[in-house]
Every structure is written in structure tokens, then in C-alpha cells.
Amino acid sequence: MINIDSYIMSVIYVFLLNMETLLDMKKDSDDFERQSHLVQKQAKYSGELKIGEIQMSCFVTAEGERYISGRSMTSAIGMKGRGQGMARISSHQALKPFINNALFMAIQNPVEIVGRTPRPVHGHRAEILADICDVLLEARKRGALRTEQEIRYGDYAEMLVRGFARVGIAALVDEATGYEKVRERDALQKILDKFLKDEARVWSKTFPDEFWEKLVKIKGYENYLAVKRPAFIGHWVNDIVYSRLAPGIKDRLKEVNPKTPKGHRRNRHHQHFTEDYGLPELRDHLKKVMVLMDAASNKRDFERLLNRSLPKYGSTLDLPLDE
């Protein structure tokens with residue numbers, strides 16, 4: 001005789017087992033669908049970023065977006081094996097309470113990197129590595145990391161933070177991929193574009209007479225006519241003005257306003273300054289220089305004040321490392 005209770009319990013058990021299988025199949029299907037519709041990013045620069053014994057594959061797109069491969073990120077925090085990749089971090093029970101929604105979404109939505117790798121790889125924005133380290137260190141601080149494996153995650157996170165806290169993850173990625181030089185060149189070009197233009201504007205008085213009077217006197221001459229070689233004045237202006245306005249200004253002016261075969265320039269350098277930004281900056285610089293001329297007791301004193309207050313720029317741009 002059939003035991004009704006046992007039969008019902010068996011039916012329920014089979015039903016629940018089938019439901020669990022169906023849910024797993026749906027989850028696998030959703031994961032596959034999500035992974036097959038990843039946003040694709042074309043890497044223009046790539047390299048290996050080394051922090052201590054940790055090595056990560058990193059990429060930069062033409063738009064300046066920085067990525068680290070998902071496998072590199074998991075390895076960087078001491079996660080071994082392939083498994084579910086970065087999803088292991090967001091689904092880890094000990095870490096869940098410390099992961100905010102923005103980080104969760106960033107982990108769950110990688111991009112597909114192509115172009116500088118033998119085959120497409122999953123990549124995540126480089127900046128989230130610091131966020132992941134914060135999560136691990138906070139979890140360790142709260143005593144949530146208990147197993148040997150979890151403790152290893154915390155140790156690796158501390159190693160990473162010490163490695164890139166000084167200069168920032170973005171700067172490290174730029175250096176590893178070679179994007180650093182491009183970034184510097186692009187930043188310098190933006191400055192030059194703000195200050196200068198290729199076409200000369202119509203001449204208008206830009207350097208006040210007062211500037212020339214103060215200049216020849218601080219150089220030790222009674223007046224302009226006493227300067228035996230007027231060409232000296234051009235060198236003085238290059239040194240005092242154009243070399244100290246912004247990086248690359250003097251070199252760029254030589255390109256847009258070159259000397260003719262007879263040794264003269266077609267335009268005054270200041271005619272190539274932009275009306276909306278370059279000219280106001282130039283005029284402001286001249287005012288500062290004249291204040292220093294008034295404050296100086298002699299040529300040497302002026303040069304000392306000038307170098308301290310308005311130092312020369314080179315032809316390259318020193319960028320802040322934590323951009």
C-alpha cells in the first residue's frame with residue numbers, strides 16, 4: 001500500500017530538483033547572453049603592468065579609456081583558478097556587504113577588448129581595481145576575511161594599494177602601455193591650441209611702451225637707442241615672455257611664424273595668439289613681469305625674481321601623475 005505522505009514528499013522533492021536545474025539553466029543562459037552582447041572596445045595601446053610580483057595585462061583605447069583584463073584583476077588579488085572570473089568577487093559572501101551598487105555593476109559588465117591581443121579578452125576599467133582593494137581591506141578590517149584564501153586576498157590588496165597609491169593606477173597603466181607619451185603630447189597640443197593659432201591676426205599694439213622702457217633699463221641701458229644690437233631685444237623677449245607662458249609656446253611660435261630667407265619673420269609673434277585666451281594670458285604675463293622689474297634693484301636681482309616667480313617651461317609638459 002502506497003504511503004501518501006512519502007509519495008507527496010517524493011513528488012515535491014523531484015519538483016524542487018527540476019526547478020533548481022531549470023533555474024541553473026536559465027542563469028547559464030542569461031550569463032551566456034550577457035557575455036555574447038559585450039560592448040567591444042578597440043585597444044590602441046597595450047602592455048604589462050608590474051607591481052611587485054603582480055603582473056597585469058592592460059590596454060588603452062584611442063579615446064583614452066584604460067582597461068585591465070578580468071583574469072589579471074582576479075590574479076592580482078590572489079584569486080586562483082579561472083572559475084567565474086570577476087563574478088567571483090561580486091558573488092563572494094564575505095565581500096558582498098562591502099560592495100556598493102556602482103562597483104557591482106562595473107564588475108558584472110565587462111567589455112570585450114580587441115585589437116592589441118591575440119584573441120578578445122574581457123576587460124574592466126582600470127580604476128575599479130582600487131575600489132576592489134578598498135572592499136577587501138574594509139572586509140579585513142571588519143574581520144570578515146577568515147579563511148586562508150580570504151586572508152590572502154586582503155594581503156594582495158594591501159600590496160597593490162602600496163604599489164599604486166603613490167602615483168595612481170591610471171598613470172601606471174599609461175606608462176605600461178606607452179600611452180603616457182601620447183597623453184603628454186595631446187595635453188600639450190590642447191594648451192597650444194588655446195594659446196596660439198596658425199593664422200596671424202591683424203596687428204594691434206600688444207606690448208605697452210612701459211614694458212620696453214622697463215626692459216632696457218633693467219638690462220642696464222638708459223634707453224632703447226643705447227642698445228647697440230637691437231636683435232638682443234628679441235632674445236630678451238623670448239626668454240622673459242614666450243619661454244615662460246606655457247610649455248612649448250616658444251617652439252610652436254617658431255613653427256607658425258618662421259623666419260624668411262632674409263632672416264625676418266612675416267608677423268609679430270603676438271599676432272598668432274588667440275583673442276579669447278592667448279592674448280589675455282600674454283597681457284597678464286607682461287603685467288607680472290613689469291611688477292618684478294619695478295621690484296628688482298638690478299639685472300641680476302630681476303633674473304632671480306623672474307626665475308622664482310615665473311620659471312621657464314620646456315618643450316614638454318610635466319603632467320600630474322594622479323591625473
When you look at CZ of R268, are more than 12 heavy atoms from neighbouring residues, nucleotides or ligands closer to it than 6.0 Å?
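Check fails, neighbour count at 12 or below.
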
For the backbone of A43 and the side chain of R116, can you confirm whether one donor and one acceptor N or O come within less than 3.5 Å of each other?
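The answer is no, because no donor-acceptor pair under 3.5 Å joins these two groups.
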
Taking D134's backbone N and O only, do any of them form a donor-acceptor pair with E138's side chain (distance below 3.5 Å, no angle check)?
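Looks like no, no N/O pair under 3.5 Å.
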
Run the side chain to side chain contact (heavy atoms under 4.5 Å, CB included) test against K181 and tell me which residues pass, sequence neighbours left out.
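Partners of K181 by the side chain to side chain contact (heavy atoms under 4.5 Å, CB included) criterion come out as none, since no residue qualifies.
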
Got a second to check how far Y313's OH is from D251's CG, nearest 0.5 Å?
14.5 Å

What are the two closest non-hydrogen atoms of T177 and G47, and how far apart are they?
CG2-N, 3.7 Å

Got F273 and T206 here, is their nearest side-chain heavy-atom distance under 4.5 Å?
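No, side chains not in contact.
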
Any side-chain heavy atom of I89 within less than 4.5 Å of one from V135?
no

Taking atom CD1 of I51 and atom CG of L129, what is their separation to the nearest 0.5 Å?
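Answer rounded to 0.5 Å: 7.0 Å.
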
Going by heavy atoms in the side chains, are I233 and K219 under 4.5 Å from each other?
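The answer is no; the side chains never approach within 4.5 Å.
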
Is there side-chain contact between L172 and M56, with heavy atoms separated by less than 4.5 Å?
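The answer is no, as the side chains (C-beta and beyond) never meet within the 4.5 Å cut-off.
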
If you round to the nearest 0.5 Å, how far is CE of M86 from CD of Q108?
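It is 9.5 Å, given to the nearest 0.5 Å.
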
Is the side chain of R140 donor-acceptor paired with the backbone N or O of E150 at a distance under 3.5 Å, no angle test?
no

Can you check whether D284 reaches K288 side chain to side chain, under 4.5 Å on heavy atoms?
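Counting from C-beta outward, D284 and K288 do come under 4.5 Å.
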
Ignoring hydrogens and angles, state whether a donor on the side chain of Q149 or T147 is under 3.5 Å from an acceptor on the partner side chain.
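Side chains of Q149 and T147: no pair found under 3.5 Å.
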
If you group Ile, Leu, Val, Met, Phe, Trp and Tyr whenever their side-chain heavy atoms sit less than 4.5 Å apart, what else falls in with I113?
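I113 shares its hydrophobic cluster with V39, F59, Y67, V111, V121.
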
Testing the basics here: between H269 and K254, what is the closest heavy-atom pair and its distance to 0.1 Å?
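The answer is CE1-N, 4.5 Å.
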
In terms of ring plane angle, is the pair Y221 and W236 parallel, tilted or perpendicular, where the classes change at 30° and 60°?
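The arrangement is tilted - the two ring planes meet at 30° to 60°.
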
Within one Ile-Leu-Val-Met-Phe-Trp-Tyr cluster: L306 and W212, side-chain cutoff 4.5 Å:
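Yes, because L306 and W212 connect within a single hydrophobic cluster, where side-chain heavy atoms sit under 4.5 Å apart.
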
Testing the basics here: between H272 and N267, what is the closest heavy-atom pair and its distance to 0.1 Å?
NE2-ND2, 3.5 Å

Using modelled atom types and a 3.5 Å cut-off, is there a donor and acceptor pairing between side-chain atoms of S90 and backbone atoms of F104?
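Side chain of S90 to backbone of F104: no pair is present.
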
Could you check L145 against L95 for side-chain contact (heavy atoms from CB on, under 4.5 Å), going step by step and ending with a plain yes or no?
CA-CA 8 Å; L145 304 183; L95 303 180; 3.9 Å; yes

Validation row: F302, I240 side chains within 4.5 angstrom (heavy atoms):
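A side-chain contact under 4.5 Å exists here.
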
Identify, with sequence neighbours excluded, every residue that meets side chain to side chain contact (heavy atoms under 4.5 Å, CB included) alongside A126.
R66, I68, I169, V173

Counterpart residues, side chain to side chain contact (heavy atoms under 4.5 Å, CB included), relative to Q40 (two or more places apart)
E112, V114

Which pairs would a plain distance check flag for residues 275-283, meaning a side-chain donor or acceptor within less than 3.5 Å of a matching protein atom at least two apart in sequence or in another chain?
unit_1	atom_1	unit_2	atom_2	d
E275	OE1	K197	NZ	3.2
E275	OE2	K197	NZ	2.9

Going from CG on L38 to NE2 on H122, what distance comes out if it is rounded to the nearest 0.5 angstrom?
4.5 Å

Determine whether W203 and V256 fall in the same hydrophobic cluster, where Ile, Leu, Val, Met, Phe, Trp and Tyr are linked whenever their side-chain heavy atoms lie under 4.5 Å apart.
no

With a 3.5 Å distance limit and no angle check, can you tell me whether H285 reaches the backbone of Y242 through a side-chain donor-acceptor pair?
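No: the side chain of H285 does not pair with the backbone of Y242.
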
Strictly distance-based, threshold 3.5 Å: is any side-chain N or O of N109 a donor or acceptor partner for the main-chain N or O of M105?
yes

Test item: S72 side-chain N/O and S57 main-chain N/O as donor-acceptor pair under 3.5 Å:
yes

Report the C-alpha separation of L137 and E158 in whole Å, then their side-chain angles, then the decisive distance to 0.1 Å, and conclude whether the side-chain contact (heavy atoms from CB on, under 4.5 Å) test is met.
CA-CA 7 Å; L137 293 177; E158 183 178 359; 4.1 Å; yes

Non-hydrogen atoms of C133 and V161 that approach each other most closely:
CB-CG2, 3.6 Å

So which heavy atom on A76 is nearest to which on I54, and how close?
O-CD1, 3.4 Å

CZ (R304) with more than 12 external heavy atoms under 6.0 Å:
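Atom CZ in R304 is packed in, count exceeds 12.
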
V241 vs F211, test: side-chain contact (heavy atoms from CB on, under 4.5 Å). Steps then yes/no.
CA-CA 11 Å; V241 180; F211 173 81; 4.1 Å; yes

Would you compute the distance between atom NZ of K287 and atom CD of E210 and round it to the nearest 0.5 angstrom?
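If I round to the nearest 0.5 Å, the distance is 11.0 Å.
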
Between D193 and R252, is the side-chain contact (heavy atoms from CB on, under 4.5 Å) condition met? List the steps.
CA-CA 10 Å; D193 288 345; R252 180 61 176 162; 5.7 Å; no

So L245 and K250, do their side chains get closer than 4.5 Å, heavy atoms only?
no

Around atom NZ of K205, are there more than 12 heavy atoms of other residues, nucleotides or ligands at under 6.0 Å?
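Result for NZ/K205: enclosed.
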
Separation between OH of Y156 and CE of M79, rounded to the nearest 0.5 Å:
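Between atom OH of Y156 and atom CE of M79 there are 12.5 Å.
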
Does R152 pair with E148 as a salt bridge, N-O distance under 4.0 Å?
no

Contacts of N298 meeting side chain to side chain contact (heavy atoms under 4.5 Å, CB included) (sequence neighbours excluded), chain-then-number -> R300, D301

Evaluate the side-chain proximity of I99 to H92: yes if any heavy-atom separation is below 4.5 Å, no if none is.
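Sidechains of I99 and H92: no contact.
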
Basic-acidic side-chain contact under 4.0 Å: E213, K217
no

Over all atoms of both residues, closest heavy-atom pair of M293 and I218
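The answer is O-CD1, 3.9 Å.
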
Please check if the side chain of R266 supplies one atom and the backbone of N257 the other of a donor-acceptor pair under 3.5 Å.
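Not confirmed, R266 side chain does not pair with N257 backbone.
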
